[in-house]
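Reckoned from all heavy atoms, side chains included, excluding hydrogens, waters and symmetry mates.
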Amino acid sequence: MMNALCRLIAYFTPPIRLANALQPLLLLGLRLFLASVFFKSGLTKIADWDTTLTLFTEEYHVPLLPPAVAAVMATCGELGLSSLLVAGLAGRFAATGLFILNAVAVISYPGLTEITRSYHYYWGTELMALMLFGPGLVSLDAWITHRCRTRR
């Protein structure tokens, strides 16, 4: 029985090694994709600030915050946190911030259709993966950690 189990493990070792080797590229791709989504949203907000304020006043009902404050926080979060995500700097922090921003968008905007809501769920799941696994080896976080370890 143990012999068969060892052979089975040996059989699957090469594909597992390949998957492990590809993980940093997958995490980089995930970071770049999510950053693109949120950065473009932030650019849209600053492109027409009057419309953004109107939307936050009349459409989006962000709990506990005045509309102008919510608009500034959302825009700064989308632009700043997505920039951190691209660099992989404070990757888990950036992913957590965007996860919260995404969750607030789902909660505060009743006009989301089922399709747009599913996009938000999809992004939230991807952000959760980055929160759990971190930004990966192709990131400033990994480079800084490596530099700090080699200086000791």
* Asked: Residues two or more places apart in sequence or in another chain: which of them pass side chain to side chain donor-acceptor pair (under 3.5 Å) with His61?
  -> none

* Taking the six-membered ring for Trp, are Trp143 and His146 ring centroids under 6.0 Å apart? -> no

* Spacing of CG belonging to Leu140 relative to OG1 belonging to Thr145, to within rounding of 0.5 Å -> 10.5 Å

* Does Phe38 share a hydrophobic cluster with Val106, counting links as ILVMFWY side-chain heavy atoms below 4.5 Å and allowing steps through other members? -> no

* Asked: Would you say Phe56 and Leu65 make side-chain contact, with heavy atoms under 4.5 Å?
  -> no

* **Val138-Leu32 co-clustered via ILVMFWY side chain contacts under 4.5 Å** => yes

* To do: Taking the side chain as every heavy atom from C-beta outward, state whether Arg117 and Thr113 have any pair of such atoms under 4.5 Å apart.
  => no

* Would His120 and Leu112 count as a side-chain contact (heavy atoms from CB on, under 4.5 Å) if you check the C-alpha gap in whole Å, the side-chain angles of each, and the deciding distance to 0.1 Å? -> CA-CA 10 Å; His120 283 275; Leu112 286 177; 4.1 Å; yes

* Asked: If you round to the nearest 0.5 Å, how far is CD1 of Ile46 from CG of Asp48?
  -> 11.5 Å

* Linking I/L/V/M/F/W/Y whenever their side-chain heavy atoms sit closer than 4.5 Å, directly or via other members, would Leu18 and Leu26 fall into one cluster? -> no

* Should we count CE of Met131 as having more than 12 external heavy atoms under 6.0 Å? -> yes

* Kindly work out whether a path of hydrophobic side-chain contacts (I/L/V/M/F/W/Y, heavy atoms less than 4.5 Å apart) joins Leu137 to Phe93. => no

* **Joint hydrophobic cluster, Leu25 plus Leu27, side-chain heavy atoms closer than 4.5 Å** => no

* Leu85 side, atom CG; Leu34 side, atom CG - distance, nearest 0.5 Å -> 6.5 Å

* Separation between CG of Asn102 and OG1 of Thr125, rounded to the nearest 0.5 Å -> 9.0 Å

* **Modelled atom types, side-chain donor and acceptor of Lys45 and Ser41, under 3.5 Å** => yes

* Asked: Should we count CD1 of Ile115 as having more than 12 external heavy atoms under 6.0 Å?
  -> no

* Asked: More than 12 heavy atoms of other residues, nucleotides or ligands under 6.0 Å from OH of Tyr122: is that the case?
  -> no

* Is the closest side-chain heavy-atom distance between Leu89 and Ile144 below 4.5 Å? -> yes

